[in-house]
Protein chains: 2
Amino acid sequence: MALKHTILAFLSRQPLSGYDVAKEFAEGFGSCFWKASQQQVYAELTKLEQQGSVTYEAIPQPGRLDKKIYSITDQGQQELLDWLTQPCEPAAIREDLGVMGLAGHLVSSQVVIREIERRRQLHVEMVQHVKKLDEHFSQHLDSLDLKDLYMHLVIRRGIRYQEEWVAWCDEALQAIGQTVKR
Amino acid sequence: MALKHTILAFLSRQPLSGYDVAKEFAEGFGSCFWKASQQQVYAELTKLEQQGSVTYEAIPQPGRLDKKIYSITDQGQQELLDWLTQPCEPAAIREDLGVMGLAGHLVSSQVVIREIERRRQLHVEMVQHVKKLDEHFSQHLDSLDLKDLYMHLVIRRGIRYQEEWVAWCDEALQAIGQTVKR
DNA sequence: CGTTTCATGTAACACGTTACATGATTAG
DNA sequence: CTAATCATGTAACGTGTTACATGAAACG
């Protein structure tokens with residue numbers, strides 16, 4: 001149930017609207033470690049508000065729906081704290097591309113190669129995207145406080161993850177190329 | 001809906017019982033790229049059998065429940081093939097530890113450090129475990145056929161993934177250590 | 001004048017987790 | 001004698017995805 005805690009963690013830094021939280025997941029810092037859809041975010045915020053973990057202030061906007069600015073409550077902060085002090089497990093891996101390793105022999109090596117090349121390109125783009133998020137932090141590495149260092153490290157995890165994928169794609173393409181030639 | 005296709009892919013290599021498939025996910029080759037519980041596997045096999053993607057042969061065993069040996073049908077193989085020739089997306093990331101990057105400032109750095117050290121240890125163990133799965137393949141790298149090369153590459157992905165985690169943990173521990181001292 | 005951004009949601013369905021249930025065989 | 005392994009499942013619940021729904025403002 002960590003969507004709850006991820007949202008609480010965002011709100012522990014600053015009050016945000018549902019729209020802003022959803023954007024964090026889609027393109028922002030959140031994209032390094034958590035995926036959530038817009039619908040999930042709105043539903044979860046409604047639930048958290050009903051349970052007293054967050055409150056919102058409705059900001060009227062001319063010619064537009066009210067913006068609901070959510071903040072974390074003391075209760076919510078306590079829940080987040082309780083969760084943070086418990087050990088957590090590594091994420092479950094569910095990687096479609098792995099299925100090709102089991103059943104790749106059913107299709108031509110061209111199909112496998114094309115798919116890996118496609119993946120490589122996706123991850124190259126992700127590296128660039130995530131590196132942009134890190135720019136501010138990596139430029140002042142020596143003067144970061146702990147709060148910002150933690151953010152930098154999570155983004156670093158994102159960068160390394162994506163770079164690792166690119167490296168694996170290269171290793172795989174080379175090995176397949178050699179074996180096909182043989 | 002790739003649990004279906006992952007199971008079909010296992011059965012495309014050789015007929016297996018539900019118990020064997022579940023074991024693949026828990027400790028075997030499957031653990032490199034897919035997580036599924038025993039209950040999920042049994043439920044999915046029942047469904048696949050009803051839909052005609054797999055069949056089973058019940059093997060009577062003295063003093064034990066019949067073992068159901070599942071095989072893929074032509075229909076199942078076609079479904080798998082259709083799925084394989086479509087492009088697939090990278091897995092969604094949902095990593096609890098990332099939440100610490102957002103909210104780590106709420107707990108002491110000792111808590112963060114301890115959690116990263118715990119994670120490091122887990123991944124070190126995983127590296128060892130996954131490397132064992134690769135032993136057979138890595139010893140005959142130059143003579144692998146495509147089928148086995150694909151398996152080797154998926155296991156390599158597993159190894160690299162786990163090693164990458166260990167490397168990040170080291171980077172993070174060092175950076176936090178330095179910042180705390182300052 | 002069309003697309004993206006801002007801003008909110010509902011509803012149905014698919015997928016995954018946790019807990020429960022049973023029982024013989026084998027290894028230490 | 002105890003624990004792990006083999007072997008199968010059911011039921012309730014929680015989480016995530018897909019599709020649908022609305023509508024103004026700002027940008028090019």
May I have the distance from B:E24 (atom CD) to D:dT5 (atom C1'), rounded to whole angstrom?
-> 16 Å
On the 0 to 90° scale, with breaks at 30° and 60°, tag the B:F10-B:F33 ring pair as parallel, tilted or perpendicular.
-> parallel
Does the base of C:dT17 carry an N or O that pairs as donor and acceptor with the side chain of B:Q40 under 3.5 Å?
-> no
Nearest-nucleotide pick for A:Y70, side chain only, options being C:dC6, C:dG9, D:dT18 = C:dG9
Please state how far atom NZ in A:K67 lies from atom C1' in D:dA24, giving the value in whole angstrom units.
-> 14 Å
Of B:K47 and B:Q39, the one whose closest nucleotide on DNA chain C sits nearer the 5' end is B:K47
Starting from P on C:dC15, measure out to CG on B:L48 and report it in whole angstrom.
-> 11 Å
Using only side-chain N and O atoms of A:K68, determine if any of them is under 4.0 Å from OP1 or OP2 of C:dG9.
-> yes
In terms of side-chain heavy atoms of B:S17, which of C:dT17, C:dA7, D:dT8 is nearest?
-> D:dT8
OP1 or OP2 of D:dG9 sitting under 4.0 Å from any side-chain N/O of B:Y42?
-> no
Side-chain donor-acceptor pair under 3.5 Å between B:E79 and B:Q75, yes or no?
-> yes
Could you state the atom-to-atom distance from CD of B:E44 to C1' of C:dT17 in whole Å?
-> 15 Å
Ranking D:dT18, C:dT8, D:dG9 by distance to the side chain of B:Q38, first place goes to D:dG9
Within the pair B:K4 and C:dC15, is there a side-chain N or O less than 4.0 Å away from OP1 or OP2?
-> no
Hey, what's the ring geometry for A:H123 with A:W165, parallel, tilted or perpendicular (30° and 60° as the breaks)?
-> parallel
Think A:K23 has a side-chain N or O under 4.0 angstrom from the OP1 or OP2 of C:dC6?
-> yes
B:E49 CD to D:dG9 P: how many Å, rounded?
-> 10 Å
Can you name the closest pair of heavy atoms from A:A175 and B:L149 and give their distance?
-> O-CD2, 3.6 Å
Quick note, B:Y19 side chain, CB onward, closest among D:dT5, C:dT17, C:dA7 is D:dT5
Tell me: CG of B:L3 to P of C:dT17, nearest whole Å?
-> 10 Å
Please state whether the phosphate of D:dG16, meaning OP1 or OP2, lies under 4.0 angstrom from any side-chain nitrogen or oxygen of B:R94.
-> yes
Nearest-Å distance for atom pair CG/C1', residues A:L16 and C:dA7 | 14 Å
Joint hydrophobic cluster, B:V124 plus B:W168, side-chain heavy atoms closer than 4.5 Å = no
Interatomic distance, B:Q50 CD vs D:dG9 C1' [rounded to whole Å] | 13 Å
